[in-house]
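See structure below.
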Number of protein chains: 2
Amino acid sequence: MESITTADAPAPTRGRPREFCPDAALSAALGVFWAKGYDGASMADLTAAMGITKPSLYAAFGNKEQLFHQALDRYEAEKLAYTREALKQPTARAVAEHFMRGAVAAQTSTCDPKGCMGVVSASACGAEGDSIKAHIMQRRQSSNAALVARFEQARQDGDLPSNLDPQALAYYLYAILQGMAVLATSGATRDDLDGVVSIALSMWPTS
Amino acid sequence: MESITTADAPAPTRGRPREFCPDAALSAALGVFWAKGYDGASMADLTAAMGITKPSLYAAFGNKEQLFHQALDRYEAEKLAYTREALKQPTARAVAEHFMRGAVAAQTSTCDPKGCMGVVSASACGAEGDSIKAHIMQRRQSSNAALVARFEQARQDGDLPSNLDPQALAYYLYAILQGMAVLATSGATRDDLDGVVSIALSMWPTS
DNA sequence: TCGATTCCATAACGACCGGTATATAATGAC
DNA sequence: GTCATTATATACCGGTCGTTATGGAATCGA
C-alpha cells in the first residue's frame, strides 16, 4: 500500500531491484490504451507490450484503472502540451491554428497510435468505466473553460467579432479537433487533415 | 442455417410460432449497440433489452456480429435518412446545413442514445471487431464519395469558390459532424450543438 | 392423435477477463 | 552467513464473455 506513483524520490534500494524501467513500461501501456481504449486493452495486451508480468504490473502501478489514469496523465503532459502552448498565442486565429496544427501532428504521428486517446477511451468504456468517462469529461470541461476565457479576452481585444459567442466558438473548435481525431482513427491521412485545417482557417472570422 | 434476415416473406407457419416481434427486438438491440458500442454491448445486455433469451436471439439473428450488422443497417436506413435528403438540396450550403441540422437532431434526440452509432462502435471495437471497423469505414467512404461528388457539382454550378477543394470541404464537414457526435456523447446539449452549427454556417464559403 | 417441426427455457461449455496466492530469486543490513 | 525485504515467475481464483447442447412446450400437416 505504498509507492504507487513512479516518481518516488528516495529510491529505497532494499530488496531485489526491479528489472524493468517503470517509465518505459508506462509509455508502453499508454500506447496500448491509446490504440485500444480502456476496455479494449486487456491485461494480457498491457503486460505483453510492457514486457513485464502481471504481479509486477500490480506492484508498480496498482491496478488497471490506476495504470490508465497514470497513462492518461502522461498523455496530457506530453502529447497534449501543444494545447497549453496554443492558449498563449497572441490572436484568436493563432490560438485556433496552433490547436489544429498540434492536433493533426499528434493524431497522425507515425510513431504513435492514430487519433485521440480521450476520444477513444471515452467512447469505448462500458459498465464500470464510468469513472474513466467522468475523468475525461472533467478534463475536457476544464480545457473548454480555458479556451472560452481565451476567446472572451480575444473579443475584448477586438480580435473577434463582438457578436460571436465565445462558448459556441470554443465548441466549434472542439468539434473540429475531435472530429479530426475520429477521422484519423478511421484512416484519414495527414494530408487529409491538413486540408481540413486549411479550410477551417480560411473561414475563420475576422476583425 | 436459414432465414437469418427478418424480412423472409412466405412466413412458414409450421411449428411453434415465435413469441416476440423481431422488428421490435432489433430496434431494442440497436439501442443497446448505439449506447454501448459493439464490444461494450454484452449478450446479457442485448437479451435483457430485447426481452428474449439467448437461444431465441441466435435462432432469429445468427450471432452477435450478424445482429450488429442488421442493427447497423436499420440505423442507416432510419436514423441516417437525413443524409440522403441532404444530398438532394439545391445548394452546397443547403446540403451542409441539412447535414448538420439532421446530425444534431439525431444525436441529441431525447428518445434515442446520444451521439453517432458509427463513431461509438468504430472507436470501441477491439480485437476481432476489425470486421466491424472495416464495415463502418467502408460505409463512411461511400458516403464521403457521394458528398465529394455533390460538392464538385456545386463548384461547377458556381455554388462554391472554384479554388476550394471539394474533397477537403467534405472532410471538413465530416469532421464537424463526427466531432459533434463526440461532444453529444460527452454531455453537450442540443443548444450547444446548435451553436456549433450556426457558427459553421456563418462561416460557410460564399459564391 | 400422431409425428414433424419450430420455438422457448435452463444449464452448461470453453475461453478469456481482472486480480491474486504462492513459491523462488536477488539484493541490502547485520 | 543469515535474515528481512522486494521483485519475479507460475499457477490459479471467481466471474463473465459469446455460444451451444438439451429438454420441454406449442403449433402445424396428416
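Each chain gets a letter, A, B and so on, in the order its sequence line appears, and its residues count up from 1. Owing to the predicted nature of the structure, the values given are computational and were not obtained by experimental measurement.
- Atom CD1 in B:I52 sits about 15 Å away from atom C1' in D:dG18, given to the nearest Å.
- As a whole-Å value, the separation of B:F20 CZ from D:dA26 P is 17 Å.
- What separates NZ of B:K64 from P of D:dT20 is a distance of 14 Å, to the nearest Å.
- Ring orientation note: the planes of B:F33 and B:F68 are nearly perpendicular, at an angle over 60° on the 30°/60° scale.
- Between the CG atom of B:D39 and the C1' atom of C:dG18 there is a distance of 16 Å, given to the nearest Å.
- Contact check on A:R155 versus A:D165 returns no salt bridge, with no Lys/Arg side-chain nitrogen under 4.0 Å from an Asp/Glu carboxylate oxygen.
- The shortest heavy-atom contact between B:M43 and B:Y58 is CE-CE1, 3.4 Å.
- Rounded to an integer number of Å, the gap from CE of A:M50 to C1' of D:dT8 is 15 Å.
- Between B:S42 and the phosphate of D:dC17, there is a side-chain N or O to OP1/OP2 separation shorter than 4.0 Å.
- B:Y75 approaches B:M117 most closely through the heavy-atom pair OH-N, 3.2 Å.
- The phosphate of C:dC8 (OP1 or OP2) has a side-chain N or O of B:S56 nearer than 4.0 angstrom.
- Following rounding to the nearest Å, A:R18 (CZ) and D:dT5 (C1') show an atom-to-atom distance of 14 Å.
- Using cut-offs of 30° and 60° for the angle between ring planes, the B:H69 and B:H135 rings count as tilted.
- Picking from D:dT8, D:dC17, C:dT10 the nucleotide with the shortest atom distance to the side chain of B:T53 gives C:dT10.
- Between A:F99 and A:Y174, the ring planes lie perpendicular to each other; the angle is over 60°, past the 30° to 60° tilted range.
- Side-chain polar atoms of A:S56 and A:R18 form no donor-acceptor pair below 3.5 angstrom.
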Worksheet, complete the sentence: Protein-proximity profile, nucleotides 20-30 of chain C, B/S/- by nucleotide at the 4.0 Å heavy-atom cutoff, equals BB---BBBS--
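- Between A:L57 atom CG and D:dA7 atom P the separation is 13 Å, expressed in whole Å.
- Distance, B:Q66 CD to D:dT20 P: 10 Å, rounded to whole Å.
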